[in-house]
Amino acid sequence: MSKNFYITTAISYVNGSPHLGHAYEAILTDVMARFKRLDGFNVKFLTGTDEHGQKVAKTAETNGMEPKAFCDKTAAEFEAMTETLNISNDDFIRTTQDRHYTASKAIWSAIKDNNPDDIYLSKYDGWYSVRDEAYFTESELEKGEDGNFYTPGGAPVEWVEEPCYFFRLSAYTDKLLKFYEDNPGFIVPQSRKNEIVSFVKDGLQDISISRTNFKWGVPVPDDPDHVMYVWLDALTNYITGVGYPNTDCDEYKTFWPADIHVIGKDIIRFHCVYWPAFLMSANLELPKQVFAHGFINVEGQKMSKSVGNVIAPQNLIDMFGLDQTRYLLMREVPHGQDGNFSEDHAFQRINSDLANSLGNLVQRTLSMIYKNCDAAIPNPNDFTGDDKKLLNEIYDCFPTLRKHADKMEFHRVLEGIWKIIAHANAYVDEQAPWALRKNDPERMKTVLYVLAEAIRGFAILVLPYTPEAGHKILDRLSVPEDERLFEYVSADHALSGGIIIEKPEGVFPRLEMKEEAA
RNA sequence: GGCGGGGUAGCUCAGGGGUUAGAGCAGUGGAAUCAUAAUCCAUGUGUCGGCAGUUCAAAUCUGCCCUCCGCUACCA
């Protein structure tokens, strides 16, 4: 069984700035990448930007910039976001990089070489609105009193034709359906799979894969009048990132096919229909899974510029802190579904789970050790049944957590961890070490040791979600860097007594509500 | 219109033919005081969207209805 793991986010279109949706996808993917690394996998995590196309060219022009300069500017924002969010990507790809031009041209040529009939020159025609600079399907148009078609916005349209290359997607209907059937886990969640299957079952039409009416793209091999159109270019980034077209290189052999493409639900068709078809045609292996996440609504409303409720990731970090934001998103957004961001709810969740439950557990434990054990982790005496019960619950929980994580059900993973944290807090109250201090100091030491060891476990388990805080706690306990892996959550690697700790300070400070702070 | 998925406690949701329908958060009462006014314990008379049916038994299956949402191809 392979211990390599290749995971990607979708590449972000640089037409706009990063918003909460981008941040969510990056964090979700990052959590999976970190989880796998902590579980002993050799992980490659790729993210990046999609920079070609008419829209970017136009936006650049509007801003009085050359396309490349405009892309440099926006791509930098996305790259900065990965830093801001503590995303552990191993590479950041931009579709304007040389390596990607090479790969994109190569896949085009591979398709032509392997299946010459799959690419053919024809013409793209349709109703074009000059005002909207876009094509419309007839069903979108309305017939005016003069008998001509108009866009919903009332703009006139004209029938235009443009030469372009087509990809023979129609030839892949049955192959794709068979692929979905043979690989039931390819599209997750199931509801999205149903949509795709029913879409494909209706039959596929060929799609245009080049354009001549703008230049901002990868030139088509042997026909420089054309640039490669959108998705063939964009999707190829996933193999560019592992060294394609050099399919003999270590990187490619190690990581392709990808284990998971994490994407938004709006672009499943491109990833679940087009991309597999392109790869089949080019005679390359297909990715193992496409995971489509939902969107984040804000106070129950769709995030949109016109409503004016678009949230920049930085807003949340300023309000809650980075780890808190990461935790919130992973905890509140159910697997593959839309999530809702509500400020009140966020305060509640973060305070309850992070400040009160885990943060306070760490604080109360370390404070007692600091004050009553000469600031050193005590050496325990024999464990009682209660002690073992708590520790074993932590040592034994991982297989279940892993099952949830493998399905990207991180809200369930967190639920599982926090259940045990609650048990640890209950254990503190039952054992009442503050009473033992007077009656039975030796027993108190054991209790505090058990708690410190429990905290070591929690800190490791929590690393994918709240890496900074997790490491901070592990630093306190002087846990060596190379022991911060899931396999170390076991009795075999339990804390040694005698480790000196510093005066504790809160890991997750309690958030004050705005009203109260003002 | 067609296909698909929902409508369960104040909120977010889990469950899914079988004893008194669950969790977290919020609320209420109590305990404790080590700790970040944190923690612990106790506490839910909910028409499980509506109506009808199948069944010894339905939140769980079937039909119809109401309602919300997604998909129904070449902007990405």
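Chain A is the first sequence line, chain B the second, and so forth, proteins listed ahead of strands; every chain is numbered from 1.
Comment: A:D50 does not engage A:K55 in a salt bridge, judged by the lack of any side-chain N to carboxylate O separation of less than 4.0 angstrom.
Comparing B:A9 with B:U47, their C1' atoms are spaced 13 Å from each other, to the whole Å. One P atom belongs to B:C40, the other to B:C56, and the distance between them is 48 Å to the nearest Å. Comparing B:U20 with B:G46, their P atoms sit 14 Å apart, to the nearest whole Å. Across B:C3 and B:A14, the matching P atoms stand 25 Å from one another, rounded to whole Å. Between the P atoms of B:C34 and B:G49, the separation comes to 49 Å (whole Å). Atom name C1', nucleotides B:A35 and B:A23: the rounded distance is 26 Å, in whole Å. With C1' as the reference atom, B:A59 and B:G27 are 26 Å apart, rounded to whole Å. B:G63 and B:A42 have their C1' atoms separated by 45 Å, given to the nearest Å.
Looking at the side chain of A:I267, the nearest of the listed nucleotides B:A76, B:G70, B:C74 is B:A76. Nearest nucleotide to the side chain of A:R269, out of B:C71, B:U33, B:U72: B:U72. Picking from B:C34, B:C40, B:A38 the nucleotide with the shortest atom distance to the side chain of A:N425 gives B:C40. When distances run from any side-chain atom of A:W434 to the nucleotides B:A35, B:A32, B:A14, the shortest one goes to B:A32. Checking B:C25, B:A35, B:A73 against every side-chain atom of A:Y274, the shortest atom distance belongs to B:A73. Counting only heavy atoms from C-beta on, A:L204 has its side chain closest to B:A73 among B:A35, B:C34, B:A73. Checking B:C34, B:A76, B:A38 against every side-chain atom of A:D50, the shortest atom distance belongs to B:A76. Comparing B:C41, B:U39, B:G70 by their closest approach to the side chain of A:A426 singles out B:C41. Across B:A35, B:C11, B:A76, the shortest atom-to-atom separation from the side chain of A:R364 is found for B:A35. Closest to the side chain of A:N356, out of B:C34, B:A14, B:U39, is B:U39.
In the model, A:S170 has a side-chain atom that pairs as donor or acceptor with a side-chain atom of A:D206 under 3.5 Å. A donor-acceptor contact closer than 3.5 angstrom links the side chains of A:D387 and A:Y427.
The interatomic distance linking A:F199 (CZ) with B:G4 (P) rounds to 17 Å, in whole Å. At whole-Å resolution of the value, CG in A:L232 and C1' in B:C74 are 13 Å apart. A straight line from CZ of A:F278 to P of B:C74 spans 15 Å, rounded to a whole angstrom. A:K201 has its NZ atom 11 Å from the P atom of B:G4, to the nearest Å. For the pair A:N194 CG and B:C71 C1', the interatomic distance rounds to 11 Å; values are reported in whole Å. The separation between A:H19 atom NE2 and B:A76 atom C1' is 12 Å, rounded to whole Å.
A close approach under 4.0 Å does not occur between any side-chain nitrogen or oxygen of A:Q348 and OP1 or OP2 of B:A26. In this model, the phosphate group of B:A76 is approached by a side-chain N or O of A:Y229 to a distance below 4.0 Å at OP1 or OP2.
Both A:K371 and A:E430 lie close to RNA chain B; mapped to their nearest nucleotides by heavy-atom distance, the more 5′-ward contact belongs to A:K371. In terms of position on RNA chain B, the residue among A:E505 and A:D353 whose nearest nucleotide sits closer to the 5' end is A:D353.
Taking the six-membered ring where the residue is Trp, the centroids of A:F270 and A:H261 are separated by 6.0 Å or more. Between A:F278 and A:W231, the ring center distance fails the sub-6.0 Å criterion.
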**Message:** Working note: A:W216 + A:V227, criterion side chain to side chain contact (heavy atoms under 4.5 Å, CB included); need CA distance, chi angles, decisive distance, verdict.
**Reply:** CA-CA 7 Å; A:W216 183 233; A:V227 291; over 6 Å; no

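Using cut-offs of 30° and 60° for the angle between ring planes, the A:Y172 and A:F167 rings count as parallel.
Taking 3.5 Å as the limit, the base of B:C74 and the side chain of A:S208 contain a donor-acceptor pair of atoms between them.
Judged by Watson-Crick or G-U wobble contacts below 3.5 Å, the nucleotide B:A35 has no partner.
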